Amino acid sequence: MVLRFAPSPTGPLHIGGVRTALYNYLLARQKNGKLILRIEDTDQTRYVPGAEEYIIEALTWCGIEFDEGPHIGGPNAPYRQSERKSLYAQYAHLLVERGWAYYAFDTEEELELMRKRFEAAGIISPQYNAITRPYMKNSLTLPPDEVQARIRAEPYVIRFLMPRNKEVRFYDEIRGWVAFHTKELDDKVLLKSDGMPTYHLANVVDDHLMGVTHVIRGEEWLPSTPLHVLLYEAFEWEKPKFAHLPLLLRPDGGGKLSKRDADQLGFPVFPLTWKDPETGEVSVGFRERGFLPEGLVNYIALLGWHPAEEKEVFTLEELTHSFSLERVSRAGARFDYEKARWINQQHLRRMPTSSLLPQVRAAWETQNLPPIPEEKLSQLIDLAKERAALLPEIVEFARSFHERPFMPLEAALESRLSPEVIQHIPSLIESLIHIENWKAEELENVLKNWAKAKNISLSKALPTLRILLTGQHSGPSLYKLMEILGLEEIKIRWQAFASVYGVSRSV
RNA sequence: GCCCCGUUCGUCUAGCCCGGUCAGGACACCUCUCUUUCAAGGAGGAAACAGGGGUUCAAAUCCCCUACGGGGUACCA
């Protein structure tokens with residue numbers, strides 16, 4: 001089983017592309033097959049610098065690894081179609097020889113003229129086909145000697161000679177039998193005037209040459225599949241199996257998720273942040289938003305595929321075992337950011353703190369936050385990961401805890417303070433000093449005894465204590481937080497509070 | 001316009017191929033519960049077979065039509 005992912009380096013890979021790559025990857029791993037990355041850069045006018053590197057980095061981040069590709073080489077090198085350019089012409093000419101294709105010399109203006117003329121005659125969208133072909137300048141209408149002269153003297157394209165009236169049927173692994181009629185299809189250009197192949201020629205030639213057995217791609221390719229099927233026939237090659245994945249739709253369902261939606265939607269559509277080299281525009285990626293690759297991959301796997309069991313949280317490894325094309329659905333799926341967050345949260349909770357540590361540490365440093373001991377950061381991650389959906393929430397929690405509360409407090413926090421509780425804090429500090437076993441459990445005992453002794457309810461005391469110690473009105477267990485804070489820091493924070501709020505006795 | 005693909009809770013979907021369970025799960029939402037708080041957790045709730053015709057004792061499931069949505073219709077992929 002040989003599969004491939006064949007993106008075009010015209011910009012950042014969006015999330016739909018990641019899913020296509022993912023499904024190819026899952027199948028390749030599951031069946032012990034081979035996965036090839038092929039760069040389809042046959043349109044030189046749409047080339048975007050950095051796009052290829054982006055694609056590779058993004059897929060690598062997701063954990064999608066290839067067996068062959070431009071970044072790692074392989075027996076089928078080169079893997080960029082621009083570097084395979086010389087290859088395609090001979091195949092195009094072979095088709096001409098076999099009568100499946102022909103030369104065409106029409107200029108862009110002439111094509112435009114033809115369209116206008118036929119439109120005026122009442123044809124809705126004129127194509128280069130059996131009807132219009134006889135009126136155009138090509139090797140089927142021009143005398144042979146003129147054709148030869150033109151081939152030598154001017155640019156030309158090679159077009160596929162679409163059979164007049166034939167039904168093309170093929171089996172789609174997801175949709176079942178699909179049929180098209182050739183009378184609806186046109187004479188697609190196979191080889192462009194710059195010598196580059198179009199996608200249609202290049203993907204068929206390369207898939208054949210690289211031994212690809214399964215073509216898994218987006219649904220937008222379904223309408224051109226009959227052409228590809230005919231090409232395999234014309235070449236007398238065995239065709240691969242086809243599977244066309246449902247599209248990833250915008251949350252409103254109004255079309256496929258596209259690059260343009262990135263900014264308006266309020267959530268990323270790219271795996272990594274992308275800066276447009278032309279406009280300088282920046283689109284935030286899932287990685288930068290704080291998604292774990294495991295979370296993102298898990299979520300997008302679920303868009304259009306459903307596991308046989310009732311389970312939703314999967315590692316990449318588990319996905320390779322559970323995935324199957326039979327359970328891919330046919331209808332387009334809308335991207336639900338809330339659920340994506342939830343899935344990510346599940347992964348965050350399962351992730352050992354030790355593997356979260358480097359990532360949090362990295363974010364900590366890029367934000368130039370005050371130094372923090374490894375041990376303490378680790379303890380904070382432990383507490384925070386249970387309640388965070390995205391990585392930055394952990395960083396933010398650790399930061400807000402590590403930094404001393406800003407005094408005076410904001411009015412909203414101030415209003416939650418209980419003066420009665422504050423009166424008794426000095427005596428609490430006194431008790432804390434005598435604790436031998438500085439652990440959350442012991443702190444809980446001491447606090448409870450203190451509250452009892454002072455005849456104040458815990459539900460009144462704890463919020464006030466939390467605010468003056470952490471500057472937050474909610475968060476993880478206060479006992480645990482106090483354990484991490486330590487006696488000295490608690491004293492310091494209490495003093496800072498007391499000096500601003502004028503509590504007479506301080507410790 | 002034409003061609004192709006699609007249509008089950010707000011969303012992702014199970015069930016459809018091989019007609020017959022209160023149409024199941026998850027996210028989000030609501031209620032209760034636990035908790036010092038916010039989350040998380042636990043319990044419960046509301047919520048869908050696009051419409052119309054057939055076929056059948058029986059249809060979400062098979063057939064046809066309609067509507068709606070999407071994709072394609074380039075010397076773009």
Side-chain angles (χ1 to χ4, degrees), chain A residues 6-10 40-43 45-46 81 104 106-108 111 115 122-128 155-159 172 174-176 178-181 183-186 188-200 202-203 217-226 244 246-247 249-251 253-256 299 302-313 326-327 329-343 345 349 384-389 393 416 444 447-448 451 457-467 472-479:
Chain A
S8 179
T10 53
E40 311 236 330
D41 56 349
T42 51
D43 185 354
T45 62
R46 292 215 302 160
Q81 290 182 328
D106 316 274
T107 62
E108 208 153 317
L111 287 169
R115 284 187 197 108
I123 293 170
I124 306 299
S125 71
Q127 295 181 312
Y128 208 115
Y156 63 86
V157 300
I158 292 179
R159 284 181 181 272
D172 184 279
I174 293 168
R175 283 149 220 284
V178 179
F180 285 82
H181 293 86
K183 65 179 175 201
E184 313 290 348
L185 273 23
D186 63 346
K188 279 273 178 291
V189 168
L190 263 22
L191 197 71
K192 300 188 265 190
S193 55
D194 64 359
M196 278 287 197
T198 57
Y199 170 83
H200 307 294
N203 102 86
R217 73 230 299 194
E219 191 186 341
E220 69 267 26
W221 293 109
L222 196 54
S224 46
T225 306
H244 290 91
L247 262 16
L249 270 19
R250 304 186 345 206
K256 60 175 175 177
Y299 178 65
L302 261 19
L303 287 177
W305 169 79
H306 192 83
E309 71 232 86
E310 270 189 1
K311 172 180 168 180
E312 293 202 292
V313 182
E326 293 77 58
R327 298 191 65 85
S329 46
R330 289 166 291 271
R334 305 181 196 200
F335 195 93
D336 181 0
Y337 186 60
E338 280 307 313
K339 182 134 188 191
R341 280 172 52 93
W342 181 80
I343 294 276
Q345 179 175 35
R349 308 182 61 162
K385 74 175 184 185
E386 298 298 324
R387 47 211 306 118
E393 293 166 26
R416 292 175 188 244
E444 184 172 353
L447 272 152
K448 281 180 173 165
S457 73
L458 227 45
S459 59
K460 205 171 175 186
L462 261 19
T464 293
L465 198 54
R466 177 188 292 277
I467 289 168
Q472 307 286 319
H473 61 75
S474 64
S477 158
L478 186 56
Y479 309 120

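Chain letters run A, B, ... following the sequence lines, proteins first, then strands; residues in each count from 1. Nothing here was measured: the structure is a model prediction, and the numbers come from that model. Excluded from the calculations below are hydrogen atoms, water molecules and symmetry mates; all remaining heavy atoms, backbone and side chain alike, are included.
Side-chain atoms of A/R330 stay outside donor-acceptor range of the base of B/C5, with no qualifying N/O pair under 3.5 Å. Counting distance only, with no hydrogens placed and no angle test, the side-chain atoms of A/K339 and the base atoms of B/A26 include a donor-acceptor pair under 3.5 Å. Residue A/T198 places no side-chain atom within donor-acceptor reach of the base of B/C75, judged by atom type and a 3.5 Å distance cut-off alone.
When both pairing distances are held under 3.5 Å, B/C34 makes no Watson-Crick or G-U pair with any nucleotide shown. Across all strands shown, B/C2 forms a Watson-Crick or G-U wobble pair, both distances under 3.5 Å, with B/G72. Within the shown strands, B/U7 is the pairing partner of B/A67 under the Watson-Crick or G-U definition, both distances less than 3.5 Å. In this structure, B/A48 forms no base pair with any nucleotide, since neither Watson-Crick nor G-U wobble geometry is met with both distances under 3.5 Å.
Comparing B/G6, B/C4, B/U11 by their closest approach to the side chain of A/A331 singles out B/G6. Checked against B/G72, B/A28, B/G25, the side chain of A/P223 finds its nearest nucleotide in B/G72. Considering only side-chain atoms of A/L222, the nucleotide from B/U36, B/A26, B/C5 that sits closest is B/C5. Of all nucleotides listed (B/U37, B/C12, B/C75), B/C12 comes nearest to the side chain of A/A333. Each of B/G25, B/C27, B/C5 was ranked by its minimum atom distance to the side chain of A/E310; first place goes to B/G25. Checking B/C75, B/A77, B/U36 against the side-chain heavy atoms of A/T42 singles out B/A77 as nearest. Side-chain atoms of A/R175 lie closest to B/G6 of the nucleotides B/G6, B/U36, B/C4. Closest to the side chain of A/E219, from the set B/C27, B/C5, B/A74, is B/C5. With distances taken from any side-chain atom of A/Q127 to the nucleotides B/C4, B/U37, B/U73, the minimum falls on B/U73. Comparing B/A26, B/C2, B/A77 against the side chain of A/W342 picks out B/A26 as the nearest.
For A/D41 (side chain) and A/S8 (main-chain N/O), no donor-acceptor pair under 3.5 Å exists by modelled atom type. Side chain of A/T198 to backbone of A/L191: no donor-acceptor contact under 3.5 angstrom is found.
A sub-4.0 Å separation between OP1 or OP2 of B/A77 and a side-chain N or O of A/K192 is present. The side chain of A/R327 contributes no N or O atom lying less than 4.0 Å from OP1 or OP2 of B/C12.
A/Y199 and A/W221 have their aromatic ring centers within a separation under 6.0 angstrom.
Comparing B/C5 with B/C9, their P atoms sit 22 Å apart, to the nearest whole Å. Comparing the same atom, P, in B/C68 and in B/C63 gives a spacing of 23 Å after rounding to whole Å. Taking atom C1' on both B/A23 and B/A14, the two are 9 Å apart, rounded to the nearest angstrom. Using P as the reference atom, B/C62 and B/A47 are 27 Å apart when rounded to the nearest Å. Taking atom P in both B/U7 and B/A39, one finds a spacing of 38 Å when rounded to whole Å. Taking the P atom of each, B/C57 and B/U66 are spaced 28 Å apart, rounded to whole Å. Rounded to the nearest Å, the gap between the C1' atom of B/C65 and that of B/C75 is 41 Å. With C1' as the reference atom, B/G10 and B/C4 are 29 Å apart, rounded to whole Å.
Counting only N and O atoms by type, the side chains of A/H244 and A/T225 include a donor and acceptor under 3.5 Å apart. Side-chain atoms of A/D336 and A/Y299 form no donor-acceptor pair, as typed in the model, at a separation below 3.5 Å.
Between A/R217 atom CZ and B/G72 atom C1' there is a gap of 13 Å when expressed in whole angstrom units. A/I343 has its CD1 atom 15 Å from the P atom of B/A40, to the nearest Å. Taking atom CZ of residue A/R46 and atom C1' of nucleotide B/A74, one finds them 11 Å apart after rounding to whole Å.
Residue contacts shown for A/Y199 include a base, since a base heavy atom lies under 4.0 Å away. Here A/R334 lies in heavy-atom contact (under 4.0 Å) with sugar-phosphate atoms only. Residue A/S329 is in sugar-phosphate contact alone, with no base atom involved, counting any heavy-atom pair closer than 4.0 Å across all strands shown. Among the protein residues, A/A179 comes within range of the sugar-phosphate backbone only, with heavy atoms under 4.0 Å from sugar or phosphate atoms but none that close to a base. The residue A/S125 sits close to a base: some heavy atom pair falls under 4.0 Å. Among the atoms of the strands shown, none is found under 4.0 Å from any heavy atom of A/G176. As judged by a 4.0 angstrom heavy-atom cut-off over every strand, A/T45 is placed among residues making no nucleic acid contact. Within 4.0 Å (heavy atoms only), A/R341 reaches no atom of the nucleic acid at all. Among the heavy atoms of the strands lying under 4.0 Å from A/S474 is at least one base atom, whether or not backbone atoms are also near. Base engagement by A/L478 is indicated by at least one non-hydrogen atom pair under 4.0 Å involving a base atom.
Between A/K188 and A/D186, at least one side-chain nitrogen of the basic residue sits less than 4.0 Å from a carboxylate oxygen of the acidic one, meeting the salt-bridge criterion.
Cation-pi contact between A/R250 and A/F335: absent, since separation from the ring centre below 6.0 Å together with deviation from the ring axis within 45° is not met.
Where A/R115 and A/D336 meet RNA chain B, the nucleotide closest to each residue was compared, and A/D336 sits on the side nearer the 5' end. Map A/A104 and A/L458 each onto its nearest nucleotide of RNA chain B; the residue landing nearer the 5' end is A/L458.
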Worksheet entry | Evaluation steps, side-chain contact (heavy atoms from CB on, under 4.5 Å), between A/L465 and A/L447 | CA-CA 10 Å; A/L465 198 54; A/L447 272 152; 3.5 Å; yes
